[in-house]
There are 2 protein chains.
Amino acid sequence: MNLPIGELARRTGVKVPTIRFYEQIGLIAAPPRTEGNQRRYGRTEIDRLNFIRHARELGFEVDHIRELLAMSQEPQASCHQADSIAKAHLREVDRRIERLQALRGELSRMIDECGHGRICDCRIIEVLADHKQCASEHVA
Amino acid sequence: MNLPIGELARRTGVKVPTIRFYEQIGLIAAPPRTEGNQRRYGRTEIDRLNFIRHARELGFEVDHIRELLAMSQEPQASCHQADSIAKAHLREVDRRIERLQALRGELSRMIDECGHGRICDCRIIEVLADHKQCASEHVA
DNA sequence: TCTTGATCCTCTAGTGGCTAGAGATTCTAG
DNA sequence: CTAGAATCTCTAGCCACTAGAGGATCAAGA
C-alpha cells in the first residue's frame, strides 16, 4: 500500500484537496508522512473515504457521518443510534423526494405551456411571476 | 405603495436581509430612499421578488434567475432561451429524484437489515462503506 | 548522478446563498 | 415629545468544498 494522496483520490473518487480538507476537519486521521513530508495512506483510509463518499452522495451531513464513523469504531456499542440516524434520514429523504416531484410537475407543465414563440406568450416567465395561480387566465 | 423593506418582506415572503442581499448582488435594483436613508418599494419590486422567490423555491440558481429576469424585460425576444433553461433544470431535477430514490431504497434496506443488536451485526455502516455490493456476504 | 516534470506541500481566499449580530439611526403611534 | 419598533451599514459566519500561489519532493529515464 503506502499510497500517495493522488492515488488515494483516484481510488476513492474523492478529490485531493477534499481529502486534505477532511483531514483538517477531523473526518479522517492524519496519516504518516514520508521524510519529505508527504502523506502516505493504507487500506483503512480507502475504506473510510469510500464510506464517507458514499454517505455524502446519499446526502448525509458531515456531522452525521462523523457519528456513524465513531460508532463503527466501537463495535460493542449498540447500533440503535445508527439505526435512528438512518431512520431520521429516511424521513428527510422522503420529504425531499416529495418536494422534488411536486417541483417536477410544475416545471414540466411550465415547459409544456411555453408558447415557443415570443416571451410575451411564454408561460415560464409568467408562471414564475405569479405563484398563486400558476397556469390560468393571465394572458388577457 | 411606498413600502418599507419589512412590509415588502412580509408581502413577498423574502426576508429583510435577503432583500438587501439581492440588491447587493444586483438581482433587484436599488430603490429610492427616504430623507432618512430608508428604502421604499413599489409594485414592481413586489412582483420581481415574488418571481425570484418562486424561482428559487423551484430550485433555479441565481444566475438562471438573472437571465430569466433579463429576458422578461424584452418581451419581443424569443422564449427559446427560457424554455431551454427550464428544460435543463427539469433534467437536473430528474437526476436528483433518481438518486434520492436509490438512496431511499438503500436506507430502508439498511434499516430492515439492522439486527438491532450490536454494531458488528449492523449493516448500516457496512452498506455505506461498500458501494459496489451493498448487501451481500460481508459479515464473515 | 542529474534532470525533468508530475505530484505533493501549506496557506489564503473564494464559492453560493444566504443568516446573524453589533451599534447607530429613523420612523411612527400615542 | 417620547418610546420602542424598524431600519441602516458593516462585518463575520455558515457548509462543504474548490482554486490558486509559490515552493518542495518524488520517481523515472538519460
Side-chain angles (χ1 to χ4, degrees), chain A residues 1-42 45 48-69 89 92 96 99 103, chain B residues 1-42 45 48-69 85 89 92 96 99:
Chain A
M1 279 298 175
N2 233 27
L3 312 169
I5 197 167
E7 183 59 21
L8 180 64
R10 214 185 48 69
R11 294 204 193 183
T12 59
V14 180
K15 289 176 192 161
V16 170
T18 305
I19 295 175
R20 289 198 275 248
F21 170 74
Y22 284 162
E23 180 182 324
Q24 196 190 304
I25 64 171
L27 209 51
I28 59 176
R33 305 271 187 137
T34 63
E35 300 225 327
N37 200 33
Q38 300 196 354
R39 293 166 178 87
R40 286 299 178 265
Y41 297 94
E45 279 90 0
R48 202 170 169 101
L49 270 184
N50 273 328
F51 179 100
I52 293 170
R53 182 181 53 81
H54 192 192
R56 288 290 303 136
E57 277 170 7
L58 291 183
F60 284 95
E61 286 169 18
V62 164
D63 275 355
H64 272 167
I65 296 174
R66 218 188 289 270
E67 287 180 59
L68 290 168
L69 281 167
H89 197 64
E92 175 59 31
R96 279 195 228 173
R99 277 183 39 210
L103 157 59
Chain B
M1 278 297 175
N2 233 27
L3 312 168
I5 197 168
E7 184 57 23
L8 180 65
R10 214 184 48 69
R11 294 205 195 184
T12 60
V14 180
K15 288 177 192 162
V16 169
T18 306
I19 296 175
R20 289 198 275 247
F21 170 74
Y22 284 162
E23 180 183 325
Q24 196 191 304
I25 64 172
L27 209 51
I28 59 177
R33 305 272 185 138
T34 63
E35 300 225 327
N37 200 34
Q38 299 196 354
R39 293 166 180 87
R40 287 298 178 267
Y41 297 94
E45 279 91 357
R48 204 170 168 98
L49 270 184
N50 273 329
F51 182 103
I52 294 169
R53 183 180 51 82
H54 193 191
R56 288 290 304 137
E57 276 169 7
L58 291 182
F60 284 93
E61 287 170 16
V62 163
D63 276 354
H64 276 166
I65 295 174
R66 219 188 288 271
E67 288 178 59
L68 290 169
L69 281 168
I85 288 176
H89 191 61
E92 177 57 33
R96 275 195 234 171
R99 276 183 44 207

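A note on names: the letters A, B, ... follow the listed sequences, proteins ahead of strands, and every chain is numbered from 1.
Rounded to whole angstrom, the span from the CZ atom of A:R53 across to the C1' atom of D:dA16 amounts to 16 Å. Atoms NZ (B:K15) and C1' (D:dT7) sit 18 Å apart, rounded to a whole Å. Rounded to an integer number of Å, the gap from CD of A:E7 to C1' of D:dC26 is 14 Å. A:N2 places its CG atom 12 Å from the P atom of D:dC26, with the value rounded to the nearest Å. Rounded to whole angstrom, the span from the CD1 atom of B:I19 across to the C1' atom of D:dA6 amounts to 13 Å. Taking atom CZ on B:F60 and atom P on C:dG16, their separation rounds to 18 Å, with Å as the unit. Regarding A:F21, its CZ atom lies at a distance of 17 Å from the P atom of C:dA13, rounded to whole Å. Atoms CG (B:L3) and C1' (D:dA6) sit 14 Å apart, rounded to a whole Å.
A salt bridge does not link A:R20 with A:E23: none of the charged nitrogens is closer than 4.0 Å to a carboxylate oxygen.
Between A:I5 and A:Q24, the residue anchored nearer the 5' end of DNA chain C, judged by the nucleotide with its closest heavy atom, is A:I5. Two residues, A:V62 and B:R39, neighbour DNA chain D, and the one matched to the more 5' nucleotide by heavy-atom proximity is B:R39.
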Could you go through A:I52 and A:T12, starting from their C-alpha distance and side-chain angles, then the distance that decides it, and tell me whether this counts as side chain to side chain contact (heavy atoms under 4.5 Å, CB included)?
CA-CA 10 Å; A:I52 293 170; A:T12 59; over 6 Å; no
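Counting non-hydrogen atoms of other residues, nucleotides and ligands closer than 6.0 Å to CD of B:E7 gives a total above 12.
For the OP1/OP2 pair of C:dC8 and a distance below 4.0 Å, the side-chain nitrogens and oxygens of A:R40 include no atom meeting the criterion. Side-chain N/O atoms of B:R20 include none lying less than 4.0 angstrom from OP1 or OP2 on D:dC10.
Closest approach to the B:T18 side chain among D:dT9, D:dT18, C:dT19 is made by C:dT19 (side chain taken as heavy atoms from C-beta onward). Residue B:Y22 has its side chain nearest to C:dC18 when only D:dC8, C:dC18, D:dA16 are considered. The side chain of B:E61 lies closest to C:dG17 when the candidates are C:dG17, C:dC9, D:dC26.
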What nitrogen or oxygen pairs link the protein and nucleotides 23-25 of chain D at under 3.5 Å?
none

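Distance check: A:D63 CG to A:L27 CG gives 9.0 Å after rounding to the nearest 0.5 Å. From B:F60, atom CZ reaches atom CZ of B:R66 across 15.5 Å, with rounding to the nearest 0.5 Å.
Using a 4.0 Å heavy-atom criterion, one finds that A:R33 contacts the sugar-phosphate atoms exclusively.
Here the closest heavy-atom approach between residue B:P31 and residue B:E45 is recorded as CB-OE2, 4.3 Å.
Between A:L3 and A:R39, the closest side-chain pair of non-hydrogen atoms is not below 4.5 Å.
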